[in-house]
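Because the structure is a prediction, the values reported are computed rather than measured.
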Amino acid sequence: MDQKAQLAKLGLFDARVPRYTSYPTAPHFGKATDSAQFSSWTSSIRAGSSISLYVHVPFCRRLCWFCACRTQGTQSDAPVAAYVEVLKAEIALLRQQLPGGITLSRLHWGGGTPTLLSAEQIRYLAAAVTEAFPLAPYAEFSVEIDPNEVGDRRLDALAEAGMNRASVGVQDFDSTIQQAIGRIQSFETTKQAIDMLRSHGISSLNADILFGLPYQTPERMTESVQKLLSLTPDRVAVYGYAHVPWMAGRQSMIRSDTLPTPEARLELFETARQLFLWDGYREIGIDHFSRPQDGLAIAQRSGRLRRNFQGYTDDPSAVLIGIGASAISRFPQGYAQNAPGTSDYIRSIRAGKFATARGHAFQGEDLLRARLIEALMCDFRICRQEILSRFDVSPARLDALLSSTAAAFPGMLDLSSAGLAIKPEARPLTRMIARSLDAYELSKAGHSPAI
């Protein structure tokens, strides 16, 4: 039986599974976690700690049809200006709650379109953040850049604020595909934005592309990847497009009969994968590629690679606090998510209270299973000794978990006294294998194809 037939037999082309940027995943968050719980968790952070901060800007000038993020379109600057004021108020609430001496190891602005903010708003918001929580000397400040919504004045403001990494969304350079997904962004526009970033001293560059888009073929994927390679990004995320129009209504603009089959999706990913490997990139986890000198590759080599809501990361902080509508925070005790609706979020913050609407407090085997899943997603293996040394689990219990996972995927995993490892040819199954360690009931809502 060839590899594709074996993968098909194990359900790769039929399954819909989580991306596992958290455990448990966001659909399992509940309302028992509220603003009081969030306050308790923030108060427990040790004084002088370094934490990570995520700032969510949910506004876009146009809504791309492929996107399933929580965003809203606006042609007016008024709601953006009002939202920035509320972000500043939330930062002030956090400053009152957190102990002294907090610094930031990572600061990320995402969206939406953070570069929708004017240069003055960028300076205003950046000052509010760094006056409350200074950047640590080794900090990384990254911002999601829309090449259609950026210019010298905005980049001047971001560079002055300390931005040292930019993330540029590409998706695909083919004009037919761009028309089909409602995202018009030429190679020339993208190159101009990247040239501007580098002229402003932003030397670290991330890029995102998608596979599984309408009308994509290996030939079109090859052309888009080669164009992207000519821009020499430091790291690239190759995400699979998840068609979930029942959750993201704008995706109904994309005709389902134009989408590639699951088997074709695998071929598209393998086409991109081979091109990045041939160009000297390191394969990072299931869907990232980086230059050998990039932080992700260094973290992978040293066993420090982690996974969070932004994907793969080398962030050393145990605490990630999200501000803005729908933003998610992670603490050693659990997850907390702000109200997803912008109006509900604004109402809470203006009333002088945190906007936590849901979340999850870790219980039972949550932390154990979270680490087992993260190890598979990051390293394709679970080290038995590491798990036994870090968690209060008996050898018999751990061995039972690993054995049941191996039994569910015959011939795909290596089980030994050292632990569990996914064979290279079985790596397309990684999310499905991780799912076998998930103790929560699987809901298809929002989950994406396994490949």
Side-chain angles (χ1 to χ4, degrees), residues 17-23 25 50-52 54 104-108 110 136 138-142 164-165 167 204-208 233-240 269 272-273 276-277 280-320 328 330-332 335 366-391 402 405 413-414 418-424 426-435 437-438:
V17 289
R19 296 186 188 274
Y20 287 114
T21 54
S22 71
Y23 181 82
T25 56
S50 283
I51 68 170
S52 296
Y54 170 74
L104 299 182
S105 65
R106 296 289 187 278
L107 172 60
H108 182 75
Y138 57 88
E140 185 175 280
F141 176 12
S142 56
N164 51 18
R165 181 177 288 277
S167 182
S204 298
L205 180 70
N206 303 357
D208 298 343
D234 297 277
R235 66 179 70 156
V236 181
V238 185
Y239 293 127
F269 176 78
R273 174 178 175 270
F276 286 115
L277 295 180
Y281 284 75
R282 293 287 301 269
E283 192 168 9
I284 307 295
I286 63 169
D287 53 18
H288 279 52
F289 300 85
S290 77
R291 296 289 187 189
Q293 69 275 15
D294 182 75
L296 283 189
I298 295 169
Q300 182 190 61
R301 292 195 294 269
S302 59
R304 297 183 293 102
L305 188 65
R306 295 292 178 261
R307 192 158 171 83
N308 66 15
F309 294 104
Q310 280 83 58
Y312 290 103
T313 181
D314 57 353
D315 182 6
S317 298
V319 173
L320 165 66
I328 299 176
R330 187 197 189 280
F331 301 90
Y335 297 104
D366 283 351
L367 289 172
L368 167 66
R369 290 175 180 268
R371 178 56 194 150
L372 295 175
I373 288 171
E374 182 183 52
L376 288 178
M377 296 290 291
C378 291
D379 305 316
F380 302 112
R381 63 183 178 86
I382 295 168
C383 175
R384 187 173 181 273
Q385 188 54 46
E386 181 224 333
I387 300 301
L388 291 174
S389 66
R390 286 183 54 183
F391 297 94
L402 300 185
T405 298
L413 303 169
D414 286 325
L420 187 71
I422 302 174
K423 294 181 179 180
R427 288 181 179 178
L429 294 165
T430 297
R431 285 164 55 209
M432 292 179 64
I433 296 168
R435 171 69 188 101
L437 290 163
D438 188 337

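Phe380 carries Arg427 over the face of its six-membered ring, with the cationic atom under 6.0 Å from the centre and within 45° of the normal.
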Leu413 and Thr405: CA distance, side-chain angles, deciding distance, side chain to side chain contact (heavy atoms under 4.5 Å, CB included) verdict: CA-CA 9 Å; Leu413 303 169; Thr405 298; 3.9 Å; yes

Verdict with reasoning, Ser50 to Ser317, per side-chain hydrogen bond (donor to acceptor under 3.5 Å, both in side chains): CA-CA 6 Å; Ser50 283; Ser317 298; 5.8 Å; no

Ile433 and Leu376: CA distance, side-chain angles, deciding distance, side chain to side chain contact (heavy atoms under 4.5 Å, CB included) verdict: CA-CA 8 Å; Ile433 296 168; Leu376 288 178; 3.9 Å; yes

Trace of the side-chain hydrogen bond (donor to acceptor under 3.5 Å, both in side chains) decision for Arg291 with Tyr281: CA-CA 5 Å; Arg291 296 289 187 189; Tyr281 284 75; 3.3 Å; yes

Derivation of the side chain to side chain contact (heavy atoms under 4.5 Å, CB included) call for Val238 and Phe276: CA-CA 10 Å; Val238 185; Phe276 286 115; 3.8 Å; yes

Verdict with reasoning, Ile51 to Leu104, per side chain to side chain contact (heavy atoms under 4.5 Å, CB included): CA-CA 5 Å; Ile51 68 170; Leu104 299 182; 3.8 Å; yes

Audit row: Asp315, Ser52, side-chain hydrogen bond (donor to acceptor under 3.5 Å, both in side chains) steps and yes/no: CA-CA 8 Å; Asp315 182 6; Ser52 296; 2.3 Å; yes

side-chain hydrogen bond (donor to acceptor under 3.5 Å, both in side chains) assessment of Arg19 paired with Thr21: CA-CA 6 Å; Arg19 296 186 188 274; Thr21 54; over 6 Å; no

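Screening residues 375-388 for side chain to side chain donor-acceptor pair (under 3.5 Å) gives Arg371-Glu386, Arg384-Asp399, Glu386-Arg390 as the qualifying pairs, with residues at least two apart or on separate chains.
Salt bridge Asp294/Arg165: present, at least one basic N to carboxylate O contact under 4.0 Å. A salt bridge is absent between Glu374 and Arg307; no separation between the charged side-chain nitrogens and carboxylate oxygens falls under 4.0 Å.
With a 4.5 Å cut-off on side-chain heavy atoms, Pro332 and Val319 count as touching. Between Tyr54 and Leu320, some side-chain heavy-atom pair lies under the 4.5 Å cut-off.
At least one donor-acceptor pair closer than 3.5 Å links the side chain of Arg301 to the backbone N or O of Pro292.
Legend: residues meeting ring pair (Phe, Tyr, Trp, His ring centres under 6.0 Å) with His288, ordered by chain and number and at least two apart, are Tyr239, Tyr312. In this structure, the ring pair (Phe, Tyr, Trp, His ring centres under 6.0 Å) partners of Tyr335, at least two apart in sequence or on a different chain, are Phe29, Phe309, Phe362.
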